[in-house]
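Reviewing the structure listed below.
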Amino acid sequence: MTLYAARKLQKVYDGRTVLDLPELSIADGGMVALLGPNGAGKTTLLHILAFLLRPSSGQLRFKDQPVAFHAGSLHQLRRQVVLVEQQPILFSTSVAKNVAFGLKLRGLKRHDINRRVDESLSMVGMRAFAGANGRHLSGGETQRVAIARAIACRPQVILLDEPTSNVDIENRMAIETIMGDIRDAGRSSIIFCTHDVSQAARLTDMRLHLAGGRLNGADYENTFHAAVHREGAQCWGRIGRRFRFPLPSTSEAVVRVAVNPRLIEIAAESPSPDNQAYNRGRVIRMDEEMDGVRLMVDVGLPLAVILSCQAYRAADFRIGDTVFVRCPSEALSLL
Amino acid sequence: MNFFFDSLFSALQLVFAADPELMVIVGLSLRVSLTSTLIAGLLGVPLGFVIGFNSFRGKRVVITLLNTLLALPTVVIGLMVYTFISRRGALGALNLLYTPNAIIIGQVILIIPVITALTIAALSRIDDRYRRTALTLGADQFQTALVVLREARFGIVAAAVAAFGRVISEIGISMMLGGNARGFTRTMTTAMALEYDKGEFVLAVGLGIVLLTISLGMNTLLNYFQGRYAE
């Protein structure tokens with residue numbers, strides 16, 4: 001079943017379009033990551049999906065039913081979707097009462113509430129904090145309690161806005177484990193925002209990339225503004241001080257470009273020393289992907305390059321290696 | 001100087017001996033001020049909530065007007081209410097003039113702007129995430145409003161304490177609408193003014209001590225709630 005289906009969905013603030021989605025479809029079940037730079041529209045989209053923000057135009061369907069944002073019955077829909085904000089806030093009462101809040105609203109009996117509070121806090125490893133004041137927890141603990149508060153409601157969808165961006169490594173691991181547990185339990189779909197591509201790759205099988213309020217059609221993550229200049233008949237794009245690549249002809253001075261990390265060419269040596277399309281860089285990080293290996297290459301900016309397992313083994317790159325990368329025209333999309 | 005210390009000593013004796021006349025005056029002052037604070041709270045907190053929680057055209061104008069009313073002189077309110085409840089006034093038939101109820105009416109008018117404005121200020125300091133969190137957890141508009149109200153509770157109690165401090169120490173309304181009738185409408189402030197006119201300082205100083213003690217207690221409470229609110 002389709003969980004969310006959006007058509008011509010737009011959100012405009014003061015004449016500025018911050019979200020513009022001609023089509024969007026998210027299936028029920030599983031976990032979906034929303035990726036994109038700051039200001040890409042991820043949080044705006046999450047707030048619309050949580051029925052907390054009315055889109056300026058367009059239609060949104062939830063479980064094949066149109067969402068009437070102007071109607072007064074939104075709280076019935078909201079009871080199926082819970083948003084955990086990037087910096088969640090707990091009510092100034094005990095942790096247990098925070099988790100029980102949504103359950104009381106749903107009219108559960110006291111012993112059912114107590115049981116679910118206990119279960120949810122155990123699931124996030126915060127059972128020992130049940131009596132603590134919610135306002136006196138650390139950032140990571142607050143995030144975990146906020147997730148427990150969402151889990152306890154057993155919603156159809158849990159929306160998480162950058163759940164690990166403000167926590168230490170220990171809490172990040174814990175939260176990723178909790179997200180995996182929720183997915184495995186199969187009660188709730190999870191849609192979450194993140195900047196961490198490797199986290200998205202680890203946890204999800206569907207990733208949506210947003211840039212400038214629009215969905216990037218492919219699984220692109222290298223999205224940049226590039227300055228355009230001409231050398232003879234050839235247009236070149238430059239990002240930062242030294243990363244350059246040939247561009248299709250354009251009259252713009254600056255373009256927004258996405259570089260498909262799977263189509264970037266990478267080699268240990270420059271095949272043609274005079275070829276200016278090759279950029280010298282250094283491998284600074286490597287992560288396992290579901291179907292390959294992600295290399296972060298410092299070419300004056302961090303550029304993600306995804307290699308198949310076979311290509312990775314053949315090339316045998318190591319962290320610190322000097323490499324040469326080229327962005328062929330098929331890897332580039334002007335946004 | 002001896003005169004001052006003699007008055008102070010005699011006044012302290014009155015206070016510690018629980019002088020009946022002093023107790024009647026203090027009792028009436030507390031009853032009138034607590035009642036007017038309660039009524040103004042019941043009216044001002046919801047009003048402040050409606051103004052503070054909602055967005056509407058002219059909201060800034062309303063808040064500016066409220067802030068202007070904070071400085072309304074008590075004698076102006078006394079005069080205004082007098083025109084309504086005097087025998088020739090629209091509510092003259094109710095015989096309210098020179099009764100404790102008349103003082104309460106005036107004091108309620110005096111502090112409704114105080115409680116409303118401070119409630120709006122308290123709500124404006126509440127993080128909008130509380131509202132969004134309540135909504136996303138399934139609360140309807142009314143339940144969400146209660147959540148926000150609960151988070152603003154210390155600020156609202158502080159507003160009530162400030163309003164009580166305002167009415168317990170005012171004199172214009174009590175004098176003009178109460179008439180300072182002994183044992184009936186004589187409050188601490190009107191009694192002090194009368195005793196001063198008579199040149200009898202002992203009761204006036206005794207009442208002053210009680211009034212200062214109440215003010216100290218109120219300010220201690222106010223600081224406590226404001227401190228909790230700021231946490």
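To find a chain, count down the sequence lines: A is the first, B the second, and so on, and within it residues start at 1.
- Contact annotation for P155(A): neither backbone nor side-chain heavy atoms come within less than 4.5 Å of a heavy atom of chain B.
- Here the options are L3(A), V157(A), L208(A), T204(A), the test is side chain to side chain contact (heavy atoms under 4.5 Å, CB included), and the partner is V32(A); only L208(A) passes.
- Note that K104(A) lies outside the cation-pi zone of F101(A), set by a 6.0 Å cut-off to the ring centre and a 45° limit from the axis.
- Contact annotation: the side chain of S174(B) approaches that of Q107(B) to within less than 4.5 Å [non-hydrogen atoms, C-beta and beyond].
- For chain B, no part of L77(A) is nearby; none of its heavy atoms comes within less than 4.5 Å.
- The side-chain tip of R144(A) does not point at the ring of F129(A) from less than 6.0 angstrom away and within 45° of straight on.
- Salt-bridge formation is not detected for the pair D118(A)/R115(A): no Lys NZ or Arg NE/NH1/NH2 atom is positioned less than 4.0 Å from an Asp or Glu carboxylate oxygen.
- Using a 4.5 Å cut-off between heavy atoms, D127(B) contacts chain A through its side chain alone, with no backbone atom that close.
- Contacts of Q87(A) with chain B are made by both backbone and side-chain atoms, with heavy-atom separations under 4.5 Å.
- When each of I89(A), L159(A), L52(A) is scored by its heavy-atom pairs under 4.5 Å with chain B, the top score falls to I89(A).
- The pair R131(B)-D128(B) meets the salt-bridge criterion, since a charged nitrogen lies less than 4.0 angstrom from a carboxylate oxygen.
- When heavy atoms are compared at a cutoff of 4.5 Å, R106(A) approaches chain B solely by way of its side chain, counted from C-beta outward.
- Using a 4.5 Å cut-off between heavy atoms, L83(A) contacts chain B through both its backbone and its side chain.
- Ranked by heavy-atom pairs under 4.5 Å with chain A, the list Q141(B), R129(B), Q143(B), R150(B) is led by R129(B).
- Classification of the F51(A)-F62(A) ring pair by plane angle, with boundaries at 30° and 60°, yields perpendicular.
- With a 4.5 angstrom heavy-atom cutoff, V81(A) touches chain B only via backbone atoms.
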